[in-house]
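From a predicted model like this one, the values you see are computed outputs, not experimental measurements. Throughout, protein chains are lettered first and strands after them, A, B, ... in sequence-line order, and every chain is numbered starting at 1.
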Amino acid sequence: MALWKISPSLAAGNCTILKPASQSPLSCNLVAELFVQAGGPAGALQVVNGRGSEAGQALARHMDVSKISFTGSTEVGKLMHIYAGESNMKKVSLECGGKGPQIFCEDLQGELLDRGVETAINGIFFNMGEVCSAGSRLIVHEKIYDEFVAKFIEKGKDAYICGDPLDPSVNLGPLIDHGSQARVLGMIETARSEGGRVEFGGTAPAGPLEKGAYVVPTMITGVQNNDHLAQYEAFGPVVAVIKVKDDDEAIEVANNSIYGLQGSVWTDNYRRAMRYVREIECGTFLVNSFEEGDMTQPFGGYKQSGNAKDKCFESLLSYTNSKAAWFRLN
Amino acid sequence: MNLEQASQLTHAQWQQMAADLKNTASTGLFIGGKFVDAVKGGTFDNINPVDGSLINRCAAGTEEDINRAVAIAKASFKSGEWSRAAPRERMTVMYKWAELIEENGAELSLMDTLDMGKPITDMVDVDLPMCIETVQYFAECIDKVTGTVTATEYDVMSTVLREPIGVVGCI
């Protein structure tokens with residue numbers, strides 16, 4: 001993910017300093033060492049590991065830093081604007097959280113419904129749900145709700161099994177740290193207390209994995225959109241299922257969020273699909289698909305998901321300044 | 001080890017590589033092209049979320065280290081060694097960089113799996129190919145950045161140039 005930021009910054013000719021997440025210090029060091037081995041100047045890419053509250057804040061407050069490109073929580077993202085305002089008005093580019101809605105319409109049936117269910121399972125459980133653009137809210141029309149939930153349980157319950165991430169056959173590792181595990185398990189408990197029904201998962205695995213920061217893939221139905229689990233990002237393998245009666249309610253629910261990163265709609269009706277594309281407030285919206293795209297497409301949020309656009313040519317331009325040069329010739 | 005070779009490794013081979021990596025991975029701050037200790041000498045524990053065990057201790061940078069890195073970055077920017085290099089020169093470095101990332105794909109995958117718990121197969125099959133594609137894409141873009149010349153009266157030439165910003169911090 002760091003390469004989504006440092007690549008366009010370097011391509012534009014900037015001298016770039018990376019402060020990696022404190023949970024993952026090692027790979028950024030090697031990536032920077034390889035840049036110098038490739039012939040890059042030593043001053044063009046440097047890495048300073050450390051705590052966000054110390055090294056991160058010092059970088060964001062520095063008077064000689066002209067832009068900060070931040071990836072992380074919405075809460076810390078807001079601090080970046082404060083640090084910029086209290087120092088040198090540096091540009092601030094943010095890629096923050098999400099609570100991605102995936103909408104499943106009443107016309108779905110057969111192969112397209114099956115594909116939608118399978119895509120939804122991968123859309124939330126891939127990488128332990130630690131994906132800012134994960135599809136963590138499934139908004140399902142009431143006409144197909146029971147069938148959708150039954151299929152999701154059948155196919156999703158055992159699709160991802162916790163294990164040692166060094167084992168090439170394992171598709172689900174622990175969360176990034178034990179603090180994240182505690183947060184996610186706490187959110188599951190809150191969802192239960194608000195009336196959500198845990199269809200599967202909901203716990204940390206017992207036995208040999210109990211020392212790890214694992215959370216078993218979890219499906220919670222009967223969630224209301226103003227419940228905690230529907231409004232706050234879990235950043236874990238927990239999916240909330242919300243029942244709606246029609247397109248109007250689906251759109252209202254999907255947009256009732258501080259986030260707007262990625263969403264999708266599943267339907268066989270192109271006019272219905274186009275309405276969702278126009279109405280849903282998010283930076284990436286997919287029809288009958290999820291988590292697809294390529295380098296040419298902008299990746300970034302609406303609302304409090306942030307103001308950055310990663311990948312794409314526009315991203316490179318965001319690491320440049322335009323200068324007006326006016327020549328009087330007479 | 002490159003990604004093709006990495007995709008052939010067994011669980012036991014990854015475990016052996018992980019044991020070696022704990023002792024060989026660079027844990028300093030990468031400032032001015034060298035790995036150095038933090039000015040104040042602080043470190044933090046790098047923990048494996050699989051079992052809460054210590055992988056290694058990494059230098060914990062503070063404001064003093066940021067000041068040091070920013071001073072070097074600012075001097076580099078002013079020198080023009082990167083910021084004013086011909087687009088093709090920057091492209092050459094970045095393509096080579098993408099190659100080296102691919103050649104070290106196993107080590108990079110392993111580092112993130114140890115640090116974050118991400119399944120090694122996802123690192124090798126998804127994350128590293130995406131990283132390489134990202135570097136290559138932005139390398140391709142470098143000489144596609146253009147300014148404009150706008151319409152004016154006869155005795156004026158009006159241009160808009162695109163310039164790098166300066167020192168950029170990524171968090």
Side-chain angles (χ1 to χ4, degrees), chain A residues 3 5 7-9 11-19 24-27 29 32 34-36 38-44 46-50 54-56 58-59 62 64-70 165-168 170 173-174 176-177 211-213 295 316 320-321 323 325-327 329-330, chain B residues 11 14-15 25-26 29-33 46 49-52 58 60-63 65-66 69-70 72-74 76-77 81-83 93 96-97 100 108 111-113 115-121 131 134-135 137-138 141-142 155 157-171:
Chain A
L3 282 163
K5 311 291 182 180
S7 301
S9 176
N14 298 296
C15 292
T16 307
I17 298 171
L18 175 62
K19 204 300 282 180
S24 56
L26 298 181
S27 61
N29 270 348
L34 295 175
F35 175 78
V36 174
Q46 303 176 88
V47 180
V48 181
N49 275 299
E54 293 182 11
L59 189 57
H62 204 290
D64 291 329
V65 171
S66 302
K67 170 164 174 157
I68 281 286
S69 180
F70 171 83
L166 285 179
D167 179 344
V170 162
I176 194 165
D177 57 25
K211 280 188 181 165
M295 287 304 302
L316 175 55
T320 65
N321 260 334
K323 176 182 279 179
W326 182 273
F327 297 79
L329 301 173
N330 58 343
Chain B
H11 189 189
W14 281 116
Q15 286 173 316
S26 299
L29 310 175
F30 192 67
I31 294 181
N46 183 25
V50 158
D51 55 8
C58 294
T62 59
E63 186 177 355
D65 302 289
I66 291 292
V70 173
I72 290 170
K74 191 178 170 185
S76 169
F77 190 80
E81 57 181 357
W82 182 252
S83 56
V93 170
K96 180 70 186 166
W97 188 29
L100 292 177
L108 289 165
M111 287 170 171
D112 276 2
T113 292
D115 281 352
M116 301 196 291
K118 181 158 188 156
I120 194 75
T121 300
C131 287
T134 300
V135 175
Y137 174 78
F138 286 110
C141 288
I142 292 178
D155 285 325
M157 185 171 70
S158 162
T159 66
V160 182
L161 312 176
R162 284 274 172 190
E163 300 186 326
I165 299 174
V167 179
V168 171
C170 298
I171 301 175

How long is the span from the [atom1] atom in [X] to the [atom2] atom in [Y], to the nearest 0.5 Å?
X        : Y        : atom1 : atom2 : result
B:Thr113 : A:Leu26  : OG1   : CG    : 11.5 Å
A:Asn330 : B:Asp155 : CG    : CG    : 3.5 Å
B:Asp115 : A:Ser27  : CG    : OG    : 7.0 Å
A:Lys5   : B:Thr134 : NZ    : OG1   : 11.5 Å

Below 4.5 Å, heavy atoms only, C-beta onward: do [X] and [Y] meet side chain to side chain?
X        : Y        : answer
B:Asp65  : A:Val48  : yes
B:His11  : A:Leu166 : yes
B:Val168 : A:Ile17  : no
A:Val47  : B:Leu29  : no
B:Ile72  : A:Gln46  : yes

How close do [X] and [Y] get, heavy atom to heavy atom, and via which atoms?
X        : Y        : value
B:Thr159 : A:Phe327 : OG1-CE1, 3.9 Å
B:Ile171 : A:Gly56  : CD1-O, 3.5 Å
B:Gly169 : A:Leu59  : CA-CD2, 3.8 Å
B:Phe30  : A:Asn29  : CB-OD1, 4.1 Å
B:Met157 : A:Leu329 : N-CD1, 3.9 Å
A:Pro25  : B:Asn46  : CD-OD1, 3.5 Å

Look at [options] and state which one has the largest set of heavy-atom pairs under 4.5 Å with chain B.
options                    : value
A:Cys15, A:Gly43, A:Ala42  : A:Cys15
A:Pro41, A:Gly39, A:Gly50  : A:Pro41
A:Ser69, A:Ala58, A:Ala44  : A:Ser69
A:Thr16, A:Val36, A:Asp64  : A:Asp64
A:Ile176, A:Leu18, A:Asn14 : A:Asn14

Heavy-atom distances under 4.5 Å only: say whether [X] touches chain B with side chain, backbone, both or neither.
X        : value
A:Ser9   : side chain
A:Ala12  : backbone
A:Asp177 : backbone

Where on [X] is there a heavy atom nearer than 4.5 Å to chain A: the side chain, the backbone, both, or neither?
X        : value
B:Ala25  : side chain
B:Phe77  : both
B:Cys141 : both

